[in-house]
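First comes the structure, then the notes that go with it.
Counting convention: from 1, in listed order, for ligands and their atoms alike. Numbering of residues begins at 1 and proceeds along the displayed sequence.
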Amino acid sequence: MNQKILVPDIGDFEEVEVIEILVKTGSIIKVNDPVVTIESDKSSVEVPSAIEGTVDSINVKIGDKVSKDDLLVTLIDTRSAEPEAKKIIEEKLPVDTEKIIKAAEKTLVLEKEVSETKTKIKEVKKEKIEVITNSEDIDPTETKEWLESLSAVLDNDGKNRAQFLIKQLIEHSYKEGSDLILSRNTPYINTIKSEEEQRSPGDQNLERKIRSLIRWNAAAMVVRANKKYPELGGHIGTFASAATLYDVGMNHFWRAKNNKFGGDLVYFQGHSAPGMYARAFLEGRITEKELDRFRQEVNPGGLSSYPHPWLMPKFWQFPTVSMGLGPIMSIYQARFTKYLINRGLLKDEGRKIWCFLGDGETDEPESLGAIGLAAREKLDNLIFVVNCNLQRLDGPVRGNGKIIQELEGIFRGAGWNVIKVIWGSYWDSLIAKDKSGLLIKRMNEAVDGEYQAFKAKGGAFVREKFFGKYPELLNLVSQMTDRDIWKLNRGGHDPHKVYAAYHEAMKSTGKPTVILAKTIKGYGMGKTGESINTIHQQKKLDEKDLLYYRDRFDVPLTDAQVKNVEYYKPSDNSPEIKYLKKCRLKLGGNLPERSSFAKPIKTPTADIFSAMKESTGKKEMSTTMVLVRMLTSLLRDKNIAPRLVPIIPDEARTFGMEGFFQKIGIYAHEGQKYEPVDSEQLSSYREDKKGQVLEEGINEAGAMSSWIAAGTSYVNHDISMIPIYIFYSMFGFQRTGDLIWAAGDTQTRGFLIGATAGRTTLAGEGLQHGDGHSHILSSVIPNCKSYDPTFAYELAVIFREGLRRMHDKQENIFYYITTMNENYSHPEIPQDKSVEEGILNGMYLFKEHNKYKKTKIQLLGSGAILREMIYAAEILQKEYQIDSNIWSVTSFNELRKEALEIERYNLLHPDQKPKKTYIEKCLSSTEGPVVAASDYMRINSDQIRSFTTKSFYSFGTDGYGRSDTRKNLRKFFEVDKEHIVAYSLSVLAKEQLLPSKYAKEAIKKYNIDPEKPMPTKL
Ligand SMILES: Cc1ncc(C[n+]2csc(CCOP(=O)(O)OP(=O)(O)O)c2C)c(N)n1
Ligand SMILES: [Mg+2]
């Protein structure tokens, strides 16, 4: 039986053009195979077949206009009806069945949990409840009864039942008119009860010794560097507070990458870098000479101030020192890891992503801005460790409040698993003795400003100010000396507590975990460092401080050695070094360590791009549409297709990319649990567990973090991916420039597409949208290559070269390409062989007007403004008999970079024949002055002014953008064809190549007001 493939529902579009026929008569096609590509004035999309069969006839040809229900192709149906019917039944039945099974399973799990909790709780001996006097409590006896009832429920029916009852009470009270009681906070004590802690299997004695040596060497390297060159800087206090947090991870948890395992990924807090070097020194990975080169990075062998993969590409994996970027990048790293797993590109090995951040750092919007996504995506492969030393650079993070409690509320509210590690083991017995809850009450009361002072001012002070507030608490510590009180440690310095927290975090399922570890900034540094407000920037320790530090951590150095600030490394045969190495060996190798075993991706053949090198004839389209067409073609290349990662921050429809939703699906870790409202349509919103598109929502910082994760997949997952992040060009470099800088540092490989680009080309959007400077901003990133192409073939040449260099040749560069939304027709690529090279170098001769051979001008146009130049050249030729060369400048940035390099070479080789810059090669033998313009600020074209001996005049779109028609905007910014003509005539007059009357006439003719202020002032 014959079956028909009709044009499906294509939304509001009608009469769309067929631009490709993807099947032949007689070919066998399967369900979802693309049949034809159709294109509206905004987007192109493939029409998939809903049935399988053999093509009997093709009922359309390229160029036909089709609407919904028009016949495209007729198939001879080769299927048997039976299996289909069976399939339908299979598809339909399990939904309900599955639900029933799931519900049953849930009940079983719950029952199991309840019974387990019951047994567990019954084992714990019931304590008598004492109620603390509280001024708000008008009836303590009643309070006691309620609490006793709750205890009974806990005892008999477990915590789930207790929580259920509490929830009921709250809801009931709300219904009865009281405010909703909402607390996301637990008391100011450790989340894990001491009796529930998993004990560390490590040798605590040896671990303490190792930690002490790392502490010492980390401080020594900072002190030594600054003794030699006081300008160098460095930090001791941050690592001093975090040493235990890192050591426990290094000794027991973090698995390295090796040939059997992908490795955990650890984002280290930037300012704690000395600690990582100090450990690597003990491991024998860094020499003493290298330690002495801390922050002296200019010559090879120096150690970078902070984690920078660009500077230490075999060591550091993630740049973290710009506060907030580490946390957001790690969240998207964890999400991208799951994406690769769900798409079947990566094995699920239970790898974890750990991110260390400062408590002060959590004030950065980027630190907390994506925690909701982490919970929503159920990133149980993600563990945050917040080093809560209660201080930032200037002083306390929350002097009047409690940062740990604040963060607990925020993270718990977002749906994270929160583990507080506040108190060390010395507190355990005190907390156990505190039957009335008064100690916890006091812990809850004290604010961080006080806690900071407690650690700066000693045991007697703590006795008086902390315990002394209540006589009962003073009593509690009456048997303890001031020294004992001083020794009451904080959780983040207690390896047992830290171990238990990490162990718990590793078990989390369905949720990311945050560990809030309370520490002391400048731990162990004594009166001149510990907990004081100036500790953050302390990089010098005098002899007294050093001797104190040595004694505090029992470092086996003589006084003389301490005075020389010598490093200490035990011999390789010592128990410390053997232990340290054994721990790492057990965990698979070294960390941090950066390596890549990713295979290159073969550059697609040139014919994939050949359609883009042909003229579009009368058909008008934008470069954004060209890009979408090109990506659609690339999705047919078997090497490239699975590796493409389109990333879109809620703008797919703006860019005409909605066709991707159906074709490759939107990544959704839970698949699609609903039938989309537009399910009937061809471009229906399709979410899929294996979806390829990362639809990020309105979140440029998140999208950029995804792009970084995908573009560094070659090093973090040993699989090269090709991320293409498409955004409103104004919300790229301007909005998330710091992340792009970090992307350069991490050697991200991929494409950034600044769509709807240009200050006059994105008409009708206005000041905050009209981008006239992203190419200036992109020019500051050394390994970013940026292009502003005008025509389809230019884009095709640049894109293919990008694929070749980044993904085949594995160069550490990335591409920024602007595409526009202005529709126009595109010519075919000029036949001259040098054109492709010119496009990549930054300019090529597009057209020559040579009729009159009297006066000539060089017109350099870029992006959207090239077409104004082309028109202007025609007017100059026709109306003024002026010849011209029209140069298409695809990248002023690339031209400048090359010229700078040549100029530098020539200056450094004064006795040699000077080399010619590419700009000179193009322009030096041409006649007439240069007029250059782009849709960006004048500084864009000005970049090459000094590299030609010709007179050079730049025009551009300096000033705030605004909304109007393209024509009016180009007139306003003086980059329309009329201004180009008038300015060209004026330039020729100034160069004494033409009488000035022509310019004057043109200014009048085109209604140009010579007294109008500069657009920058309007
Ligand atoms: C974006 C950014 N802003 C400012 C700084 C400068 N800075 C470096 S460390 C620091 C304080 C960090 O405090 P915290 O996060 O609590 O870390 P700690 O050293 O206390 O562990 C500041 C302000 C920076 N590195 N990055
Ligand atoms: Mg801090």
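Pairs of residues two or more places apart, or lying in two chains, that qualify as salt bridge (charged side-chain N to carboxylate O under 4.0 Å, His left out) and include a residue from residues 312-335 are R335-E377, R335-E696.
The aromatic rings of W316 and F268 stand perpendicular to each other, their planes meeting at an angle above 60°, with 30° marking the opposite boundary.
Between T320 and Y306, the closest side-chain pair of non-hydrogen atoms is not below 4.5 Å. With a 4.5 Å cut-off on side-chain heavy atoms, S706 and I647 count as touching.
Here N389 contributes OD1 and D359 contributes OD1, and at the Mg ion (ligand 2) these two atoms make an angle of 100°, given to 10°.
The contact shell of ligand 1, taken as protein residues with any non-hydrogen atom closer than 4.0 angstrom, comprises T238, Q269, H271, V321, S322, M323, G358, D359, G360, E361, E364, N387, N389, Q391, R392, L393, K521, H536.
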Take D264 and R351 through the test salt bridge (charged side-chain N to carboxylate O under 4.0 Å, His left out) and record every step on the way to the result. CA-CA 5 Å; D264 293 323; R351 293 163 65 199; 5.8 Å; no

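Between the side chains of H773 and Q734, at least one donor N or O lies within less than 3.5 Å of an accepting N or O.
Other residues, nucleotides and ligands contribute more than 12 heavy atoms inside 6.0 Å of the NZ atom of K569.
Because the distance cut-off is set at 2.8 Å, Q391 qualifies as a neighbour of the Mg ion (ligand 2) through one of its N, O or S atoms.
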